[in-house]
Amino acid sequence: MSIKENLHQVLQNIPPQVKLVAVSKTKTAADILEVYHEGIRDFGENKVQELTQKYETLPKDIHWHLIGHLQTNKVKYVAPFVHCIQSVDSLKLLKEINKEALRNNRTITCLLQIHIAEEETKFGFSRSELEACLGSDEFNSLKNIQIGGVMGMATFTTNQEQIRKEFKELKSIFEKLRTAYFKESVLFKDISMGMSSDYELAIECGSTIVRVGSSIFGERRYNL
Ligand SMILES: *Cc1c(COP(=O)(O)O)cnc(C)c1O
């Protein structure tokens, strides 16, 4: 099937209130434009250099989401244009994003990446790190970031029940944070969870943003 056909197949499974971020990492500008011309404006990349190169060559009304681990020394490259940094996992990073957002006269939307998987290797705040961060005066003094919600990745497994458990946990953390720290903010609203293999399950569990790559663009090939 073509990229266009894949996209429409995926869109059939996504209710209108859930946003699709098309994950275009490793894919060409031509592939991205195929999806763009079908009306999609949100794209996700996981590497800073690839993201900035694509930003420069592709239409400027694209909303770029950074979904991969971000080092503080690279924030400056994406701060001028990034729409949302979904992979924020420390107060240190939030402070740097705030600083660069201010320099660019912007407010940058960030999602708090939360560690819900069993694997140690996945990034994200633990529960205790989250509370320490959100409860701190330092966090509350950051005026050029907007916390838009949470993001998480489930364990890499075929066990649907395990994945469901982790998605439900992320939803429950989101609700607790909303009550405890973001009661006044209507902008704290998003739960980014679900990829090609599990986005339908994620939507059942309350996802508001799904990040789908290979089901749209086909398998990724590295080291070519
Ligand atoms: C690559 C990636 C995705 C998309 O994965 P697919 O399985 O290709 O849909 C989603 N989220 C993150 C954080 C990713 O790195």
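Values reported hereafter were calculated over all heavy atoms of this structure, with side chains retained and with hydrogens, waters and symmetry mates removed. For this chain, numbers begin at 1 and follow the sequence in order. Just so you know, ligand 1 is whichever comes first in the structure, and atom 1 is the first atom listed for that ligand.
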ring-ring contact (aromatic ring centres under 6.0 Å, His included) involving His8 - partner list, sequence neighbours excluded: none
Residue set satisfying salt bridge (charged side-chain N to carboxylate O under 4.0 Å, His left out) with Asp89, at least two apart, ordered chain then number -> none
Got a salt bridge between Glu100 and Arg106, using NZ or NE/NH1/NH2 to carboxylate O under 4.0 Å? no
Non-neighbouring partners of Tyr77 that pass ring-ring contact (aromatic ring centres under 6.0 Å, His included), sequence neighbours left out: none
Does Tyr199 have Arg211 sitting over its ring (NZ/CZ under 6.0 Å from centre, angle to axis within 45°)? no
Mutual orientation of the aromatic rings belonging to Phe81 and Tyr55 [parallel < 30°, tilted 30-60°, perpendicular > 60°]: parallel
Can you name the residues that come within less than 4.0 Å of ligand 1, going by heavy atoms only? Val23, Lys25, Ile67, Met153, Met195, Ser196, Arg211, Val212, Gly213, Ser214, Arg220
